[in-house]
Amino acid sequence: MDRNKLGKDAERSARKHLERSGLKTLTTNYNCRAGEIDLIMQEQLTLIFVEVRLRQHKNFGSAAESVNIKKQKKIIQAARHFLLQNPQHAERECRFDVLAFDSTEALSTPLWYKDAFRL
């Protein structure tokens with residue numbers, strides 16, 4: 001199966017999982033020069049920047065382990081950009097979550113790491 005299609009399927013599954021858990025989708029695939037944020041969600045007054053990861057094989061570690069320090073810094077920079085561009089959210093509490101799929105068979109049940117990393 002096409003890698004891009006698998007990635008989009010994982011993001012769609014993650015979004016549905018989060019929405020079923022009561023979160024509201026604000027935007028998907030937010031892009032800026034600093035990087036991309038897969039999902040930006042809202043839970044009550046908290047803004048949640050979500051990284052969705054899929055690993056078909058564990059040869060190079062789990063999906064969650066692939067969100068290394070370098071990737072975290074890019075997500076944080078993109079989140080800062082989003083907040084600058086959307087000042088109505090600037091005073092909100094923010095959180096960085098990771099939704100990880102460790103196989104394509106498990107796309108309906110991600111591992112959800114709330115507050116996975118911090119600024």
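Treat the numbers as computed from the prediction; the structure is a model and nothing was measured.
K8 meets the salt bridge (charged side-chain N to carboxylate O under 4.0 Å, His left out) test with E11; sequence neighbours excluded. Every residue meeting the side chain to side chain contact (heavy atoms under 4.5 Å, CB included) condition with Q85, not counting sequence neighbours, appears here in chain and number order: Y30, H81. In this structure E36 satisfies the salt bridge (charged side-chain N to carboxylate O under 4.0 Å, His left out) test with no other residue, sequence neighbours excluded. Not a single ring-ring contact (aromatic ring centres under 6.0 Å, His included) links Y113 to another residue, sequence neighbours left out. Checked against salt bridge (charged side-chain N to carboxylate O under 4.0 Å, His left out), K24 has no partners two or more places apart in sequence or in another chain. With sequence neighbours left out, the side-chain hydrogen bond (donor to acceptor under 3.5 Å, both in side chains) criterion links R33 to no other residue. The side chain to side chain contact (heavy atoms under 4.5 Å, CB included) test applied to I69 returns Q72, K73, not counting sequence neighbours. Scored by the side-chain hydrogen bond (donor to acceptor under 3.5 Å, both in side chains) test, E19 finds T25 as partners (sequence neighbours excluded). S66 pairs by the side-chain hydrogen bond (donor to acceptor under 3.5 Å, both in side chains) definition with R53, not counting sequence neighbours. The side-chain hydrogen bond (donor to acceptor under 3.5 Å, both in side chains) search around D115 returns R118, not counting sequence neighbours.
Taken from CD1 in I37 to SG in C32, the straight-line distance is 7.0 Å, to the nearest 0.5 Å. Distance SG/C94 to CG/L83: 5.0 Å, rounded to 0.5 Å. For the atom pair CG (N29) and CG (L39), the distance works out to 7.0 Å, reported to the nearest 0.5 Å. From I40, atom CD1 reaches atom OG1 of T28 across 9.0 Å, with rounding to the nearest 0.5 Å.
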Discussion item. For a side-chain contact (heavy atoms from CB on, under 4.5 Å) check, start with the C-alpha distance between L18 and W112, then their side-chain angles and the critical distance, and finish with the verdict.
Written reply: CA-CA 9 Å; L18 293 170; W112 185 1; 3.3 Å; yes

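The salt bridge (charged side-chain N to carboxylate O under 4.0 Å, His left out) analysis of residues 84-95, with sequence neighbours excluded, yields the pairs E43-R95, R95-D97. Under the salt bridge (charged side-chain N to carboxylate O under 4.0 Å, His left out) criterion, the residue pairs touching residues 62-71 are E51-K71, with sequence neighbours excluded.
Crowding of Q44 atom CD: a count of heavy atoms from other residues, nucleotides or ligands under 6.0 Å not exceeding 12. By the neighbour-count criterion of 12 heavy atoms within 6.0 Å, atom CG of L84 is densely surrounded, having more than that number from other residues, nucleotides or ligands.
Side chain of S13 to backbone of D9: no donor-acceptor contact under 3.5 angstrom is found.
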